[in-house]
Amino acid sequence: MENSRIAGMLDEVGTLIELSEDNAFRARAYHNAARVVENQTEDVAALQASGKLANVAGLGKEMRAHISEILATGRLTLLDELIAAIEPGLIAMLRIPGLGPKRIRLLHQALGVKTLDELAEACRTNRVAAISGFGAKSQANILNGIEFLSSQQEHFNYAPARELADVVIAAIRAIPGVLRAEVAGSLRRKKEVVHDLDAVASVAQDGDRAAVMAAFVALPQVQSVIAHGESKSAVVLEGGVAMDLRVVTDDEYGSALHHFTGSKEHHIVLRGMALERGIKINEYGVWRGDERLPVANEADVYALLGMDYIEPELREERGEIQAALDHTLPHLVTANDIQGALHCHSTWSDGHASIREMAQACRALGYHYLGICDHSQLAAYAHGLTPADVRRQQAEIDALNAEFGPDFRILKGTECDIHKDGALDFDDATLATFDFVVASIHSNFNLSEAEETQRLIRAIQNPYTTIIGHPTGRLLLQRAGYPVDLPAVIAAAGARGVAIELNANPARFDLDWRWLRLATEHGVPIPICPDAHAPDGLTDIAYGVGIARKGWLTPANVPNAWPLDRLLAWFAEVRERGRAGG
DNA sequence: GCCGTTTTCGGCCCGACTGTTTTCAGTCG
């Protein structure tokens, strides 16, 4: 039983409790337990067997009993009872902006509405406005919210959200009176998908806020205004992206940026810890009793608690607070550490630029090497290369390397398809001609989890495999990818010394950052690969670095942060270990 | 439901905004 499945069941219990009773803290305990289970790098079943589950904070007696039941039976009686008792349509109502569990219960009890459609109809027939506590505006907002849900995307990929945010932040900075402005929220934490945008801006004095806010809601990118206050406004931008802006005085900016960067879970733990030390943290500052402690910037918040600074990417309540107290936070990889690009395509297969153009683009970015990895023959849809094509391509690479000289190196690679049975798509003689081999799945996504897992493990055990490409095949917000037991794949890669790529294409970000720490614990190197099909795709590496940082990666974990000689030595070492039988 | 202790109950992050009501509850981040 995967941790994520156990977590999913506990999380669902939490949501159903929200809808069935008043004790929000009980619901939170379940959501919290779900996150704790999800964050365990070891299997919960193993933790239970070794008795270590009792030491995990957030999992009390009741939660451990639930976990035991799930592990033994695959089911949870409490969850079954809640599902039987609660209308499933009420869960969907939680997604309506401005409508929470209490008012949903009230609507259900007063009107008997069980689905979004029934609720919309109740709004149209004026039955919602008649309920005590509701009115004409609530009714209109609920109806608008239901229409918004059906017409808008709920989440957005990081890259387009970032581009839009950069435009709007620049516009906010240009508003007269604004001293500082920055994007906050999940985008600043580099989450792979974001729900909305948060931003913080500062002004010299309170009196300047209203004018700045008025200018913000009037920006050309603003489609509609949801809330407009002096210090806080909420709007919907073009493309349906919701955005919140907070305006504070400049002495509050550090605390406000920290507060609105989140995550909520990080703050709950941090503030609880601060309270134990007699310190209160809010979005305006840090206080000991009535005394306001000096906070010039975000780092001061942590320093006042005796902790190391925690980068925004790490603020997910996954052990970073304890590590900051212990001074054991990792030295995170940065874009400046990147030495080259591995896993790039050219016009030899489905790329849109020649090898020369890709190499020139890499040199312009200051990189020292480029790994060309065109598709293999099985990928006919992508004009995959035959062994004869490979020989001609490698002759071209030799000629280009001779021309470029010693300062830049084009590496001979392949993105070699993994067959249904786990075999690679080239014979050994051809595989031996490459400097390195990226092995990827592009077909037969519908096998069982056991079959896909075995398929990847067999590819890992091929002596020529250097890197497993996009290990789950997911496309964010589009498709889930094939089912795969990632802990088993990570363990196999670690045992064999094979790397797993972090595909930096913002539609993929595969391997998911939540697995990166488990991978590094197993000694699996994680190259950050752009999977670029054109020169502009190389810039995805910067996005991949953000995800790598969320996964606590250091330059030592990332082969393309290594100089060329070390990289080549590692390629040879992986192949040698493969030939020696792992 | 979990946790910690001034240790088996009481608190659980905290403040802005909205809508409805007229002092506050619900929602959100």
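In what follows, every heavy atom counts, from backbone to side chain, and hydrogens, waters and symmetry copies are set aside. Note on naming: letters A, B, ... go to the chains in the order of the sequence lines (proteins, then strands), and numbering restarts at 1 for each one.
Separating the CZ atom of A/Arg28 from the P atom of B/dC3 is a distance of 14 Å, rounded to the nearest angstrom. Here the P atom of nucleotide B/dA16 and the NE2 atom of A/His267 are 15 Å apart, to the nearest Å. Across the protein-nucleic acid pair, A/Leu99 atom CG and B/dC28 atom C1' stand 13 Å apart, rounded to whole Å. The distance from atom NE2 of A/His195 to atom P of B/dG29 is 6 Å, rounded to the nearest whole Å.
Here A/Glu230 lies in heavy-atom contact (under 4.0 Å) with sugar-phosphate atoms only. Within 4.0 Å of A/Ala57, counting heavy atoms only, lie sugar-phosphate atoms of the nucleic acid but no base atom. As judged by a 4.0 angstrom heavy-atom cut-off over every strand, A/Ile96 is placed among residues touching the sugar-phosphate backbone only.
For the pair A/Ser138 and B/dT20, the criterion of a side-chain N or O lying under 4.0 Å from OP1 or OP2 is met. Within the 4.0 Å cut-off from OP1 or OP2 of B/dT8, not a single side-chain nitrogen or oxygen of A/Lys61 is found. Not one side-chain nitrogen or oxygen of A/Arg246 sits closer than 4.0 Å to the OP1 or OP2 atom of B/dC17. For A/Ser231, a side-chain nitrogen or oxygen approaches OP1 or OP2 of B/dC17 to under 4.0 Å. At least one side-chain nitrogen or oxygen of A/Lys102 sits closer than 4.0 Å to the OP1 or OP2 atom of B/dG26. Taking only side-chain nitrogens and oxygens, A/Lys232 never comes nearer than 4.0 Å to OP1 or OP2 of B/dC17. Remark: A/Tyr30 is not in phosphate contact with B/dC2, judged by side-chain N or O atoms under 4.0 Å from OP1 or OP2. Between A/Asn141 and B/dG19 there is a side-chain polar atom (N or O) within less than 4.0 angstrom of OP1 or OP2. Phosphate proximity of B/dG1 to A/Arg26: present, with a side-chain N or O under 4.0 Å from OP1 or OP2.
Proximity note for A/Ala29 (side chain, C-beta onward) versus B/dC14, B/dG1, B/dC12: the nearest is B/dG1. Among the nucleotides B/dC14, B/dG19, B/dT27, the one closest to the side chain of A/Lys137 is B/dG19. Taking the side chain of A/Lys280 as heavy atoms from C-beta on, and the options B/dG29, B/dT27, B/dC14, the nearest nucleotide is B/dC14. Nearest to the side-chain atoms of A/Tyr284 among the listed nucleotides B/dA16, B/dT18, B/dC12 stands B/dA16.
At distances below 3.5 Å, not a single donor-acceptor pair connects side-chain atoms of A/Asp326 with backbone N or O atoms of A/Thr328. Between the side chain of A/Glu313 and the backbone N or O of A/Glu311 there is no donor-acceptor pair closer than 3.5 Å. In this structure, the side chain of A/Arg246 does not engage the main chain of A/Phe260 through any donor-acceptor pair within 3.5 Å.
To the nearest whole angstrom, the two P atoms, one in B/dC3 and one in B/dC13, are 14 Å apart. Between B/dT7 and B/dC2, the two C1' atoms lie 15 Å apart (nearest whole Å).
For the pair A/Arg103 and A/Phe134, the cation-pi criterion (under 6.0 Å, within 45° of the ring axis) is fulfilled.
Under the Watson-Crick or G-U wobble criterion, with both distances below 3.5 Å, B/dG19 is paired with B/dC24.
Using cut-offs of 30° and 60° for the angle between ring planes, the A/His259 and A/His267 rings count as parallel.
If you find the closest nucleotide of DNA chain B to A/Arg103 and to A/Lys264, the one lying nearer the 5' end belongs to A/Lys264. Nearer to the 5' terminus of DNA chain B, by closest-nucleotide assignment, is the contact made by A/Leu275 (compared with the other of A/Ala136 and A/Leu275).
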